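Everything quoted here is computed from the prediction, not taken from an experiment.
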Amino acid sequence: WNIDPNYANHPLAGAQLQKIEWQAWGPVQQRLRVVQQFNQSQFCQDYVLEAGSRSLKIETRVDWQERQVLVKAAFPLTVQADTATYEIPCGAIQRPTLPNSEPLEAHQAAKWEVPALQWADLSNPVGDYGVSLLNDCKYGYDAQPDQLRLTLLRSPNWPDPNADRGSHQFTYALYPHPGSWQVAQTPRRGFELNHPLQGIELNPTPASTSQMPPVGQLLHLSAENLILMAFKQAEANLQGWILRCYEGYGETASMELQSDLNLVVAQPVDLLEQPVSMPKMNPDKIDPWKIVSFQVEAS
């Protein structure tokens, strides 16, 4: 399952363009379709720009029939950075971009491929501009000082001689932004790509006469750097609910719960939903990268 460290020494010829055509051209969405053939495999990619969005989405469908071939999407950028930032569970980590001109430690040289969850980011050192590469199911990245790459497909012969062959569908997106990834709210953009808003039309019943407010919210944590992980009924108190979140920007956060259900924070709890002392877990001061849980009740 490993990627050979010398894979870059064995490049293959690029894919051949088969077709390029507009699928949509309007004020809400523009969609350009590009179809390419690589050996026995076909790539159909829609490049999508939507009104109000700063991201370029690349919706991809592939009929993959190769053996021992690695496919990466590469984005050369007008950014120069010594480190790249990758999302990890409940946080983010910085790693060097490993320029080939510098001597590397053995453990650094082994990091030609690193894992990330929903995004990786390359921002210049002064923090006034950067580019994030988002994904909805592809978690292998590599970076250079001016480039981000995402591994899209592999076709190993082991443990299954037909591993990964067949139809694939996935989406990744390029998100250029002013400021740092924290200012640009890159974690939020990653969630939006993975869990897009879905509209549902409901038919009102004749008995429904009340008017709904124009804006409503089930849960709002107030701080942009607090990310909700779970909301569930409490095990010991069926009138209570457990809210779990984490600080995901590396900054101190203050949680101020707002809810149309009139929910308020009753007490902090641990992972077993047992009460803990407030000084150890204060909603008014949540430490950077901290995972916290609270029991909430209706006021």
Side-chain angles (χ1 to χ4, degrees), residues 8 47-58 72-105 107-136 138-151 171-194 221-227 245-255 285-291:
Y47 292 77
V48 183
L49 287 173
E50 296 176 332
S53 173
R54 293 183 176 180
S55 298
L56 170 64
K57 291 198 299 184
I58 305 171
K72 284 179 172 285
F75 294 92
L77 306 171
T78 57
V79 177
Q80 287 287 334
D82 295 333
T83 60
T85 306
Y86 304 86
E87 185 184 42
I88 60 175
C90 302
I93 188 171
Q94 279 194 334
R95 300 183 186 275
T97 49
L98 302 180
N100 295 329
S101 59
E102 296 182 8
L104 303 178
E105 300 285 345
H107 69 281
Q108 291 178 320
K111 295 177 182 177
W112 60 84
E113 183 90 357
V114 298
L117 293 182
Q118 298 180 152
W119 57 268
D121 182 85
L122 198 66
S123 295
N124 60 21
V126 297
D128 62 354
Y129 178 74
V131 179
S132 300
L133 181 53
L134 319 174
N135 81 89
D136 71 348
K138 303 297 180 180
Y139 309 120
Y141 286 82
D142 70 80
Q144 295 179 13
D146 59 353
Q147 178 177 266
L148 280 174
R149 296 201 303 180
L150 178 66
T151 297
T171 298
Y172 52 100
L174 200 64
Y175 173 47
H177 57 79
S180 64
W181 63 265
Q182 294 98 326
V183 172
Q185 299 182 349
T186 291
R188 178 171 182 169
R189 304 299 171 238
F191 275 106
E192 290 172 348
L193 181 69
N194 281 262
L221 306 183
S222 299
E224 294 288 353
N225 54 330
L226 289 179
I227 300 175
C245 63
Y246 70 93
E247 195 291 310
Y249 286 27
E251 305 166 352
T252 302
S254 177
M255 187 179 79
K285 186 179 180 181
I286 299 174
D287 293 335
W289 312 120
K290 186 78 172 182
I291 303 173

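Between atom CZ of residue Arg149 and atom OH of residue Tyr141 there is a gap of 13.5 Å, rounded to the nearest 0.5 Å. The structure places CG of Asn135 at 12.0 Å from CD1 of Ile58, a figure rounded to the nearest 0.5 Å. How far CZ of Phe75 is from CG of Leu150: 7.5 Å, rounded to the nearest 0.5 Å. Distance check: Thr97 OG1 to Gln147 CD gives 11.0 Å after rounding to the nearest 0.5 Å. For the atom pair Gln144 CD and Leu77 CG, the distance stands at 10.5 Å (nearest 0.5 Å). Between the CZ atom of Phe191 and the CD1 atom of Ile227 there is a distance of 5.5 Å, given to the nearest 0.5 Å.
Not counting sequence neighbours, Lys138 has no partner by the salt bridge (charged side-chain N to carboxylate O under 4.0 Å, His left out) test. Qualifying salt bridge (charged side-chain N to carboxylate O under 4.0 Å, His left out) partners for Arg95, counting only residues two or more places apart in sequence or in other chains: none. Partners of Trp181 according to the ring-ring contact (aromatic ring centres under 6.0 Å, His included) rule, which considers only residues two or more places apart in sequence or in another chain, are Trp119, Tyr249. Taking Tyr175 as the reference, His177 meet the ring-ring contact (aromatic ring centres under 6.0 Å, His included) condition, with sequence neighbours excluded. For Glu251, the salt bridge (charged side-chain N to carboxylate O under 4.0 Å, His left out) criterion is met by no residue, not counting sequence neighbours. Residues passing the salt bridge (charged side-chain N to carboxylate O under 4.0 Å, His left out) test with Asp136, sequence neighbours excluded: none.
Across all non-hydrogen atoms, the minimal contact from Gly179 to Ser123 is O-OG, 4.4 Å. Closest heavy-atom contact between Asp142 and Trp112: CB-O, 3.1 Å. In terms of heavy-atom proximity, Glu247 sits nearest to Ala253 at CG-CB, 4.0 Å. Considering every non-hydrogen atom in both Asn124 and Val79, the closest pair reads N-CG1, 3.6 Å. In terms of heavy atoms, Ser55 sits closest to Leu49 at O-CD2, 3.9 Å. Between Ala143 and Tyr86 the shortest heavy-atom distance is CB-OH, 3.3 Å.
Counting only heavy atoms from C-beta outward, the side chains of Thr186 and Thr85 never approach each other to under 4.5 Å.
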Do Arg189 and Ser132 pass the side-chain contact (heavy atoms from CB on, under 4.5 Å) test, and can you show the C-alpha distance, the side-chain angles, and the key distance before you say yes or no?
CA-CA 9 Å; Arg189 304 299 171 238; Ser132 300; over 6 Å; no
